[in-house]
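Below is one structure, written out as structure tokens; the observations come after it.
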2 protein chains.
Amino acid sequence: MCTFYKNNDKFLVAVDCIIFGFHKGELTLLLIKRDFNPCLGEWSLMGGFLNQSESINQAAERVLAELTGLDSIYMDQIGVFGDINRDPADRVLSVAYYALINMDEFDKRLLAKHNATWFSIDKMPPLIFDHEHMVKEALRQLRRKASVEPIGFNLLPEKFTLPHLQALYEAIYGSELDKRNFRKKVQSIHFLEKSEEKDKNTSRRGAFLYTFNMASYERLKEEGFTFAL
Amino acid sequence: MCTFYKNNDKFLVAVDCIIFGFHKGELTLLLIKRDFNPCLGEWSLMGGFLNQSESINQAAERVLAELTGLDSIYMDQIGVFGDINRDPADRVLSVAYYALINMDEFDKRLLAKHNATWFSIDKMPPLIFDHEHMVKEALRQLRRKASVEPIGFNLLPEKFTLPHLQALYEAIYGSELDKRNFRKKVQSIHFLEKSEEKDKNTSRRGAFLYTFNMASYERLKEEGFTFAL
DNA sequence: ACAAAAGTGTTATACTTACACCCATGT
DNA sequence: ACATGGGTGTAAGTATAACACTTTTGT
């Protein structure tokens, strides 16, 4: 192996996941109540250490799968957190990622096993280390990116209604949207496909179900279309 | 020291700096021709290894200062690059930062000592490892952020003219802007202060010099003003 | 028949874009 | 006097924001 870098310090590197969901009109976040040290009994993000055998992205996917049982999930790196004493137990760098998952699909037994619970983003308990800072940053980046790329759909089931979609964007932005203006914008988004089916869970009348057609979004993007909601 | 993390792998962590400047209407980038291994003789970003004694941000500042002699410079983290074989010599994670500097102020002797040269961003030589990917990502983030926060001014001298400022934004966005529309927007930015002095270097008539008043920008931001150019 | 959520258009306003001429000055 | 870049306003088009009633259907 290489000799050039022999004299440089080496570091523990962790990966922490901000796992977002969407439930009953609220943006939610998956946290674990630690049944291990350090900070036993406190709330934190799900994390894990990077191994030599994997890339950082792979580590993030592994950590997410350990807790939820899910793979092929939309994830984005937020950044590295590297203050000297961010973890008082030892010097650890942490790479934070956020993940967007459909809350109908995670593995409930794994969640129980890890002592994990969903929290509404505005009813979070205090978190260890700099995890609250990570969450804040994740939210900022999610808000920005969701406004300009169709990533919000990862938080919804495959079929969703327009009231459902609007509630999602209201939760992400933390502000109310005008129904008619919202739907007008949606009309101009040609990769949302209306089906004949209705969802009757939230009203007697029922609302039409739509699907997001990724392939046709990619095609439109090539042609210079830019998403905005 | 801590016992909890004993069995986890440790990693070399580098910091690489994308150092942007602005000169004669072009966005420029500071690269070094490596007089050391690995990849001796090839072009790369300026980098260095993270030490136990410093935070990652401090390491980035140190690396920037080593090459330019400058401190208190605007820097932003782009992210961590952690593919297993990104550096063929050994497993090294790299945290990339971009810096915006005023090209009148760097230390020329340090640049010579490190074999560093400025390149226009569209006349870059091939770079080692994933450095081109880092540069691409830095540009993306710079473009986005410059459009919505007044960070571009870090690339200019303290006093600058409006034609100068317009040329900067044209260089950042890579597209031409309409002079009158640009100046109209600038009129509405109340933290740009016009002085009575003129810069006569680029025309007989001379153009008025302006300064960016950071304090009054911060005040306006508090009041809900959002920058856009 | 009524409650409760789904669905539908129009108008006013603000923002964006396109565009052409005069000004000041050094040589 | 002229060449060179600095400086100025208006009108058309586009995007955004505000707003209220009808429809469907299960109970």
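Quick note on labels: first sequence line is chain A, next is B, and so on, each numbered from 1.
- Aromatic ring pairs are classed by plane angle as parallel below 30°, tilted from 30° to 60° and perpendicular above 60°; the pair B:Tyr217 and B:Phe191 is perpendicular.
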| nucleotides 22-27 of chain D: protein proximity per nucleotide (B base, S sugar-phosphate only, - neither; heavy atom, under 4.0 Å) | -BBBB-

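- Rounded to whole Å, the distance from NE2 on B:His164 to P on D:dG5 is 15 Å.
- For B:Glu197 and B:Lys159, the salt-bridge test passes: some basic side-chain N is under 4.0 Å from an acidic carboxylate O.
- Screening B:Asp76, B:Ile18, B:Leu142, B:Ile19 against B:Leu100 for a side chain to side chain contact (heavy atoms under 4.5 Å, CB included) leaves a single residue, B:Leu142.
- Salt-bridge check for B:Glu66 with B:Arg62: passed, with a basic side-chain N closer than 4.0 Å to an acidic carboxylate O.
- The distance between the ring centers of B:Phe153 and B:Phe160 falls below 6.0 angstrom.
- The side-chain heavy atoms of A:Tyr210 and A:Phe208, taken from C-beta on, include a pair separated by under 4.5 Å.
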| request: For nucleotides 8-19 of chain D, just jot down a letter per nucleotide in 5' to 3' order: B, S or -, based on protein non-hydrogen atoms under 4.0 Å. | output: BBB------BBB

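- Looking at A:Asn154, A:Leu30, A:Ile121, A:Ile172 one by one, the single match for side chain to side chain contact (heavy atoms under 4.5 Å, CB included) with A:Phe20 turns out to be A:Ile121.
- Ring-plane geometry between A:Phe119 and A:Trp43 is classed as perpendicular, the angle between the planes exceeding 60 degrees on a 0 to 90 degree scale with a lower cut at 30.
- Here the straight-line distance linking atom CG of A:Leu177 with atom CD of A:Gln166 works out to 5.5 Å at 0.5 Å rounding.
- Ring geometry, B:Tyr98 versus B:Tyr74: the interplanar angle falls from 30° to 60°, so the pair is classed tilted.
- On the nucleic acid side, DNA chain C contacts chain A at distances under 4.0 Å to non-hydrogen atoms, with the end points of that region at C:dA3 to C:dT10.
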